[in-house]
*Asks:* 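Before I ask anything, here is the structure I am working with.
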Amino acid sequence: MSNKVQSVLGDLDLTAEQAADVIALAIDMKKTPEKYGDALKGKSVATIYEKPSLRTRVSFDVGVHKMGGHAVYLDQQNGAMGKREDVADFGANLSCWCDAIVARVMDHNTLVQLQQAASVPVVNSLCNLYHPCQALADYMSLHELFGELKGLTLAYIGDGNNVTHSLMLTGAQLGVNLVAICPEGYTVDAEIVSQAQKIAAQNGATITVTSDLNAIEKVDAIYADTWVSMGDDKTLEDIIDVFQPYQVTSELMAKLGAQYFMHCQPAHRDEEVTADVLDSSQSIIMRQAENRMWAQNALLHTLIVK
Ligand code: CP
Ligand code: NVA
């Protein structure tokens with residue numbers, strides 16, 4: 001069955017203009033939520049989780065409720081996708097009752113199968129490759145603080161992962177210079193870097209990937225994520241010696257002149273970031289967490305209502 005509705009399985013399923021519009025709408029929704037109180041009236045959104053979640057689960061549930069809709073939570077204990085029935089049948093059945101499907105999956109291909117079978121939009125709420133809802137909320141947060149995104153420089157320091165990929169791709173669309181500093185052997189996907197670099201060039205920005213912490217001198221913000229992601233086969237014990245030099249400390253914040261510290265959370269104090277930085281006034285992690293809801297509401301509004 002062909003799917004004529006727009007889905008967001010990866011960051012580039014939104015055009016650069018749409019990504020900017022989603023952020024602008026999210027900022028408006030946050031300022032004047034009452035304007036959107038009935039936007040999803042009578043509509044239901046299925047939310048599927050193959051991995052644990054706090055922020056995504058609660059922000060989608062509360063966010064859909066704020067727009068007058070209903071979110072249906074589907075864990076994977078009670079009939080896991082692809083086990084009790086095919087992923088495609090899961091997607092087609094959910095489309096009979098729901099107006100969108102939001103899914104957090106182990107493998108990106110599961111999203112593709114859901115989208116191919118569904119007749120409603122499918123939204124990636126984290127997979128092994130991307131975390132587009134996170135990137136939208138993060139750039140919304142920087143937009144609120146700096147007033148514009150073009151020309152900002154964000155350094156992502158740590159494991160090259162799903163969050164890094166989405167920050168690179170959406171950052172490239174929005175004209176943000178992104179420097180990913182990852183230990184050798186734990187870097188980002190080369191194909192995604194190449195995609196991001198082409199898009200960045202069109203928007204007057206750069207995407208830089210290095211393992212050298214001295215490669216940059218000045219950034220606007222530093223971003224960290226866990227060193228061991230959900231579903232990784234590496235353990236902290238395996239990698240801690242390689243990753244330790246990449247810990248974000250107050251010295252590194254000062255050396256790079258970073259105004260803000262960012263983290264998607266869950267965060268691990270004194271692993272990827274020292275407790276004093278994570279809990280400092282420069283840390284905007286709770287703004288990012290709150291903005292998950294506004295950015296997702298704007299995305300759902302764009303896909304379902306418009
Ligand atoms: N940042 C984020 O996606 O958090 P959760 O894993 O708790 O949903
Ligand atoms: N990279 C992390 C992000 C968690 C929100 C993971 O995939 O576990």
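We count ligands from 1, going down the list as the structure has it; atoms in each ligand are counted the same way.
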*Asks:* Lys51 near ligand 1, heavy-atom distance under 4.0 Å?
*Replies:*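 Under 4.0 Å: no for Lys51.
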*Asks:* Between Arg287 and Glu144, is there a salt bridge with N-O shorter than 4.0 Å?
*Replies:*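 Salt bridge: yes.
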*Asks:* Measure from the side-chain N and O atoms of Asp61 to the backbone N and O of Ala71, and report whether any donor-acceptor pair falls under 3.5 Å.
*Replies:*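 No, Asp61 side chain to Ala71 backbone: no donor-acceptor pair under 3.5 Å.
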*Asks:* Measure from the ring center of Tyr260 to the ring center of Phe146 and say whether it is less than 6.0 Å.
*Replies:*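 Under 6.0 Å, so yes.
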*Asks:* Please state which option from Gln265, His263, Arg104, Arg57 has its nearest heavy atom closest to atom 1 (N) of ligand 1.
*Replies:*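 Comparing heavy atoms across Gln265, His263, Arg104, Arg57, the nearest one to atom 1 (N) of ligand 1 lies in Gln265.
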*Asks:* In terms of atom number and element, which parts of ligand 1 are under 4.0 angstrom from non-hydrogen atoms of His131?
*Replies:*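 What qualifies from ligand 1 is 2 (C), 3 (O).
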*Asks:* Give me the nearest non-hydrogen protein atom to atom 8 (O) of ligand 2 as residue plus atom name, then the distance to 0.1 Å.
*Replies:*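 Its nearest protein heavy-atom neighbour is Met230 N, 2.8 Å.
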*Asks:* Looking at Thr235, Leu236, Asp241, which hits side chain to side chain contact (heavy atoms under 4.5 Å, CB included) with Ile239?
*Replies:*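 Checked Thr235, Leu236, Asp241 against Ile239; only one passes side chain to side chain contact (heavy atoms under 4.5 Å, CB included): Leu236.
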*Asks:* Please list the nearest protein heavy atom to atom 7 (O) of ligand 1 with its residue and the distance rounded to 0.1 Å.
*Replies:*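 Here the closest protein heavy atom is Leu54 N, 2.6 Å.
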*Asks:* Met230 versus ligand 1: do any nitrogen or oxygen atoms come within less than 3.5 Å of each other?
*Replies:*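 Between Met230 and ligand 1, no N or O pair is found under 3.5 Å apart.
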*Asks:* Report yes if some N/O of Arg292 lies less than 3.5 Å from some N/O of ligand 1; otherwise report no.
*Replies:*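 Yes; at least one N/O pair falls below 3.5 Å.
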*Asks:* Name the orientation class of the two ring planes belonging to Trp227 and Phe243 (parallel below 30°, tilted from 30 to 60°, perpendicular beyond 60°).
*Replies:*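 Answer is tilted, since the angle falls between 30° and 60°.
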*Asks:* Do me a favour and list the nearest non-hydrogen protein atom to atom 7 (O) of ligand 2 with residue, atom name and distance?
*Replies:*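 Among all protein heavy atoms, the one nearest atom 7 (O) of ligand 2 is Asn162 ND2, 2.8 Å.
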*Asks:* Among Val122, Asp99, Leu74, find the residue that satisfies the side chain to side chain contact (heavy atoms under 4.5 Å, CB included) test when tested with Leu94.
*Replies:*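 The passing option is Leu74.
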*Asks:* Identify, for atom 3 (C) of ligand 2, the protein heavy atom at the shortest distance, and state residue, atom and that distance.
*Replies:*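 For this ligand atom, the closest protein heavy atom is Asp225 OD2, 3.7 Å.
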*Asks:* Please answer whether the main-chain N or O of Asp232 pairs with a side-chain N or O of Ser229 as donor and acceptor at a distance below 3.5 Å.
*Replies:*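 No; zero donor-acceptor contacts below 3.5 Å.
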*Asks:* Taking a cutoff of less than 4.0 Å between a non-hydrogen atom of the residue and any ligand atom, is Gln265 in contact with ligand 2?
*Replies:*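 It does, in that a heavy atom of Gln265 comes within the 4.0 Å cut-off of ligand 2.
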*Asks:* How far apart are the closest heavy atoms of Lys66 and Met293, and which atoms are they?
*Replies:*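 Heavy atoms of Lys66 and Met293 come nearest at CE-CE, 3.5 Å.
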*Asks:* What protein heavy atom lies closest to atom 4 (O) of ligand 1? Include the residue and the distance to one decimal.
*Replies:*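 The closest heavy atom on the protein side is Arg55 NE, 2.8 Å.
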*Asks:* Kindly confirm or rule out an N or O of Pro266 lying under 3.5 angstrom from an N or O of ligand 1.
*Replies:*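 So ligand 1 has no N or O lying under 3.5 Å from an N or O of Pro266.
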*Asks:* Backbone N or O of Leu9 within a donor-acceptor pair of the Asn124 side chain at under 3.5 Å?
*Replies:*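 Pair found, side chain donor or acceptor close to backbone of Leu9.
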*Asks:* Pick one of side chain, backbone, both or neither for how Thr56 approaches ligand 2, counting any non-hydrogen atom pair under 4.0 Å.
*Replies:*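 For Thr56, there is no contact with ligand 2 at all, from either part.
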*Asks:* Is a side-chain donor or acceptor of Gln173 paired with a backbone partner of Ala196 at a separation under 3.5 angstrom?
*Replies:*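 No, Gln173 side chain to Ala196 backbone: no donor-acceptor pair under 3.5 Å.
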*Asks:* Consider every N or O of Asn161 and every N or O of ligand 2, then say whether any pair is closer than 3.5 Å.
*Replies:*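 By distance alone, the answer is yes.
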*Asks:* Does any N or O atom in Arg104 lie less than 3.5 angstrom from one in ligand 2, N or O only?
*Replies:*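 Such a contact does not occur with ligand 2.
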*Asks:* Which one holds for Leu126 and ligand 2: side chain close, backbone close, both close, or neither close, with close meaning a heavy atom under 4.0 Å?
*Replies:*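 It is the side chain that touches ligand 2; the backbone stays farther off.
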